[in-house]
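Side-chain atoms are counted along with the backbone in the values below, which use heavy atoms only and exclude waters and symmetry mates. Small disclaimer: the values here were computed from a predicted structure and weren't measured.
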Amino acid sequence: MTTSAPDDSPETAPELPEDASTPGQVWLFVERIRTRLVRFAADRRVRIGVLVAFVVLMGSFGLLWFLSSRYIDLRLAVDSRDARSGVFAAPLVLRPGQPLERDDLVTYLEQLGYGSGSTDDTAGLAGRFSVAGNTVTVEPLDPEVTGTGEFPAVTVIFSGNAGIAEIRDTRTDRALEACTLEPLVIASTYNTREKRMLVEYDAIPATLRTAILTTEDRRFWTHRGVDYRGIARAMRENWGEPDISQGGSTITQQVVKNVFLTPERTYTRKIKEAWLSFVLEWKLAKTQIFALYCNEVYLGQRGRYAIHGFAEASREYFDKELSDLTLDESALLAGIINAPSTNSPYRHPDRAKARRDLVLDMLLESGAITAEQVDIAKAAPLVLRPLSTEASWVDSPYFSDYVQAYLEEVYSDSRASLEHTSIYTTVDVNLQRAATRAVAAHAEKLDAVFARSRRAIPPGTVQAALVAINPKTGAVVAMVGGRDYNASQFNRATDASRQPGSVFKPFVYSAALTGRKYTPATLVMDAPQIFTYGNGQTYEPDNYGQSYANRDIPLRVAFRNSKNVPTVNVAVHTGLDQIAGLAERAGLPRPELYPSMALGVSEATPLEIAQAYTAFVNGGSSVEPTPIASDAATVAPRQLGNPIVFTPQVAYVMTNMMEDVVAKGTGRSVRARGFRGAVAGKTGTSRDGWFVGYTPNLVCVVWVGFDDNQQLGLTGAESALPIWTEFMKDAIAFRPELGGSQFERPSGVSSIEICAESGYRPSEYCLSTYEEVFLAGTEPIVVCETHTNGMEGVPMFDEFGNPLDPLLEPEPERDPEDRTVGPEDLEPPEPGKIVMPVAPVQAPPKSGWPSGRTPRTRKRAQAVPDTEPVPTPAPPEVVVPPPR
C-alpha cells in the first residue's frame, strides 16, 4: 500500500489545538503565520498601500516639522528680546520753559537704557548721553523707533531750578522749539509689567551657569531637549492626580513654555512642549538656548514690576552688574528659581538663605567648588539693595492694568498675536508724574485732617483717583487709580462705581436747554417742594443747610450755587426719560427714572464721568476713552463713531455756565489756588468728593472717598478740587497746548443784556443787569415790567443774579451741596499746622436711595423709594408751578 506524504501547505496545515504543548506543534503554528505574511507582502496592492502610508506619514512629519520650525523662527524674531516690543508710553516732548530738572532728564535717559559718557562700546545700549554742568547732550543710537517718529541728537540746557532754558540740535547747533525723546516701556504685552535686561551666554558668570544647571537641569548638555528619566519620575509622582504637580522639565522645555506656550499644567501642553523642545534643540545651539532661559526666567517681583532674567535680577536684588556677582549671590539667585515668591529674600530672608545654602551644598557635591568656598559663602550675610519708595518715570501701574484690560476686551480674538507686539499708548509721562504727585500730596493732608477728627481714621485709608483725557481724541494722558498700588491693585478710576452727586447736574440742565423750555435766564422757584411721582410716591429734596431764597432765581444762579430743589424742579419739567437718554448717549449708565436721579444718585466710574464731560468740549459729541495712540504702528485704536449728545450750541451754553461755577460758584477756589486760563467745571458731593473740570483741550476728573463707602465728610471743593488744580497747573506748564484762553463759541449762540431780577430785556428803570448767553431763538423778547418809574430805588439782584434782599440768608461760602457735621469733630490744630476746612457729614438723600456700594462691584444701584420699590415708574406728576 502506498502512503502519501502529509500535505504541509498553508491550506492543509493543521490548526494548533488550544492544549498543544509540543515543540513540533508550536513550530507548525509559527510557520503557518510566517507563510501567510509572506503571501500578504507579495501582494502588489499591499506594497502600494504600505508605501502610500509611509509617504503620508513622512509627509505629515515633515509638514509638522516645517510648521513648528517656522513658528519658532517667527516667535524668536519678535520675542521679548526685541527692544521694540512691549507697551510704550507716549514719547517725551521737551520744550524750553518746561519745569523739568536736569536730574529728572538723566533718570529718564537711564531708564531708556542710555549709557553715560562717550565710550565707543554701545553693545546693549539704546543711546548715549553726557552731562556737563547744566547741559545734557543726548545721542540716540537708533534715530527712529517704529510708530513714534525720529529722534535727533540734541543738547538740552537747563537754567537752575527754572527748568529747560534752551534746546539745540547737536549736529547743526540750531535752536529748537521742541524735541522728542523715544518712549519708555511701561509694560509687557503678555505679562502685567516686567523688567528685563538681555545678555549673551558669554556674559553669564561661570559660577552662576554651574549653579543654574546644578539646580535645574544637570543633563542639559547631553539630552536633546527632553529628559526621559525626568519625565518618568514626574509621571510616577503625578499618577492618579487630577493636575500635574511635578513637571520634570528641562531648561529647553522651560524656554519653550515661557516663550512659545502658556504656563498651564495639562498633558496636552506637555506634549506640545516636548515636541517643540525637540525641534528647538535642532535649530539652536545649547548656548543659545541657555541664554534664552537666563533672559526669560521669572525671578520675583520688585514693587510693581515682575523681574525676568538674571541680569535684571542682579540689578534689582544687589544693585550689581551680572559679572560682579559673588558666589553666595549667584547661589541665591539660582536657589529662588523654583519659587521666587516663597523664597523672596525681602519677604522671607530665612527661606532664601536656606535655599542658597542648599545650592552651595549641591555645587560642592558636584565638585564645582571647594568646601572652603562653601563655608565662606554660607557665612556671608544677605546684603540686598534697599527697597525704594520713589516713583519712577514709568510709575503708571494702574494705567498699565487699564491697557491690559483694554487689549483683552478689544483685541481678544487676536490676543496671541499681540503678545510680542509694539503697542504705543497715550499716557504722557510728565502728566502722569504730575498726577501721581498731586494725589499723594493732598492725600497726606487729608490723612492729617482725619487723624485729628473724632473718627480717628488711620493714615492711608482715604483713597483718590484721577483721570485726564484729551476731549478731541479720547486719549487718556494720565490715570491714578489709588494711592498705593502695592497695597491695593483695585483701579478706582476704571472700576469704582460711585454716586457722582452734583457732577451729574450739567446733564440735567443740558436736557433742559435742549428742550428749549429753559434758558440760563429762566426763573425757577427756590423753595421747599414736594414732588409726586409713580404710584403716589413723594420725594422732598432739600438744599444745603436748608437755605432757600423762597422766590424765583435765575437758572444760572441755581446751577452755579448747586441748588438741589430747583434742579429737581427743572428735571421733572424737562422729563426724566429725556435726561436719562441724554446721559446714556454721553457714556454714563442709564439712570433709573426717579426725581432723585437729578442729584446724581446713579453710580458711575470716574472714567465714565470723564467720557461724558468730553461732550461739553467736543461740540456736543462724547468721545470714548482709549489708551492706544492714534499713530501706533502695530495696534491702532478702536475707531468708533462719536455719539451726538446735544448740539454745539447747548455744549457752549453749558460750558459758559460751568465757567461761572469756577468764577463765582462752588468751584471758585480753582482761581484762588492760582489756575489761569479758560476753565469750566463742577463740584460734586455724595458720600464722596468729586471735581470735574476742563480746558479747551483737556478734561480731568478727580474722585476722593473711602473704599468701604463711609461718609467722607468733606465737599468736592475741599477734597477733590485741590488735587485737580495742582495737577492741571503742572499739566499746562508742561504742555501749554492743552490749555487755552477761551472756549470756541459756535454760531447759533447770542448774547444780550437782561434784567438780573426778571430775566427779561431791561427797561430804563432796571438797575441790575448782566449779559447772558442764549440759544438763538430763545432770547427774551419782553421788556421788564417789574421795574417802573418809582420802583427803581433798590435792586433785588446784583449784576451776577445773586439776591440782594437783606432778609434772605446769604449764600454759603462753602460748597452748598453737602450736609455735614461741623468743625466740632476736629480737635484743635497743632501750632503751625495746616488745617483744612471740614464740613458736617451729609445725611443720606431723602429719596431712600442706597447710600452706595463697595467700589469692587460694577453693579449699579437700584432706586429704592421711601416705601416699597415701584415698577417702571409712570411719568412724574409734580405739584409745582411751571417755570416763568
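In this structure, Phe743 has its ring center closer than 6.0 angstrom to the ring center of Tyr694. Two rings, from Phe646 and Tyr652, have their centers 6.0 Å or more apart. Residues Tyr518 and Phe559 place their aromatic rings such that the two centres sit no closer than 6.0 Å.
Scanning all heavy atoms of the two residues, the minimum distance from Asn618 to Pro471 falls at CG-O, 3.5 Å. Considering every non-hydrogen atom in both Ser669 and Ala717, the closest pair reads OG-O, 4.3 Å. Contact between Lys505 and Leu599 at its shortest, heavy atoms only, is CE-CD2, 3.9 Å. Closest heavy-atom contact between Val524 and Pro566: CG2-CB, 3.9 Å. Contact record, Ser502 with Ser562: OG-OG, 3.1 Å, taken as the closest heavy-atom pair. Closest approach of Glu779 to Arg761, counting heavy atoms only: CB-NH2, 4.3 Å.
A donor-acceptor pair is defined here as one N or O able to donate and one able to accept, closer than 3.5 Å; no such pair exists between the side chain of Gln611 and the backbone of Leu588. Using modelled atom types, no side-chain atom of Trp690 and backbone atom of Lys682 make a donor-acceptor pair closer than 3.5 Å. A donor-acceptor distance shorter than 3.5 angstrom exists from the side chain of Asp708 to the backbone of Gln710, with no hydrogens or angles considered. Between the side chain of Thr685 and the main chain of Gly716, a donor-acceptor pair closer than 3.5 Å is present. Side-chain atoms of Asn543 come within 3.5 Å of backbone N or O of Asn564 as a donor-acceptor pair. Without hydrogens or angle criteria, His573 side chain to Asn569 main chain gives a donor-acceptor distance under 3.5 Å. Between the side chain of Arg668 and the main chain of Gly665, a donor-acceptor pair closer than 3.5 Å is present. For the pair Thr426 (side chain) and Ala475 (backbone), a donor-acceptor distance under 3.5 Å is absent.
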Side chain to side chain contact (heavy atoms under 4.5 Å, CB included) for Val692 and Trp724? Distances and angles first, verdict last. CA-CA 8 Å; Val692 185; Trp724 185 95; over 6 Å; no

For Val462 and Phe706, run side chain to side chain contact (heavy atoms under 4.5 Å, CB included): C-alpha distance rounded to whole Å, both residues' side-chain angles, the deciding distance at 0.1 Å, then the answer. CA-CA 5 Å; Val462 65; Phe706 294 106; 3.8 Å; yes

Side chain to side chain contact (heavy atoms under 4.5 Å, CB included) between Ser602 and Phe504, intermediate numbers included: CA-CA 9 Å; Ser602 293; Phe504 183 78; over 6 Å; no

Could you walk me through whether Thr695 and Phe675 pass the side chain to side chain contact (heavy atoms under 4.5 Å, CB included) test, one step at a time? CA-CA 11 Å; Thr695 67; Phe675 187 85; 3.9 Å; yes

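No hydrogens or angles considered: nothing links the side chains of Asn656 and Arg745 as a donor-acceptor pair under 3.5 Å. A donor-acceptor pair shorter than 3.5 Å cannot be found between the side chains of Thr461 and Arg455. For Tyr509 and Thr567, the side-chain atoms include at least one donor-acceptor pair closer than 3.5 Å. In summary, the side chains of Thr786 and Ser758 do not present any donor paired with an acceptor at a separation below 3.5 Å, with no hydrogens or angles considered.
Under the salt bridge (Lys or Arg N to Asp or Glu O under 4.0 Å) rule, Asp707 has a single partner from Arg483, Arg498, Arg492, which is Arg492.
In this structure, Leu446 CG and Leu714 CG are separated by 6.5 Å, a value rounded to the nearest 0.5 Å. A distance of 9.5 Å separates CG in Asn491 from OH in Tyr402, rounded to the nearest 0.5 Å.
Using a 4.5 Å heavy-atom threshold, the side chains of Leu698 and Val477 count as touching. Thr514 places none of its side-chain heavy atoms less than 4.5 Å from the side chain of Thr647. Within the 4.5 Å cutoff, no side-chain heavy atoms of Thr519 are placed close to those of Glu772. Asp688 has its side chain out of reach of Ser719: every pair of non-hydrogen atoms, C-beta onward, lies at least 4.5 Å apart.
Atom CD of Glu744 sits in a sparse spot, with 12 or fewer heavy atoms from other residues, nucleotides or ligands closer than 6.0 Å. Other residues, nucleotides and ligands contribute at most 12 non-hydrogen atoms within 6.0 Å of the CD1 atom of Ile644.
Classified by interplanar angle (parallel below 30°, tilted 30° to 60°, perpendicular above 60°), the ring pair Phe616/Phe507 is tilted.
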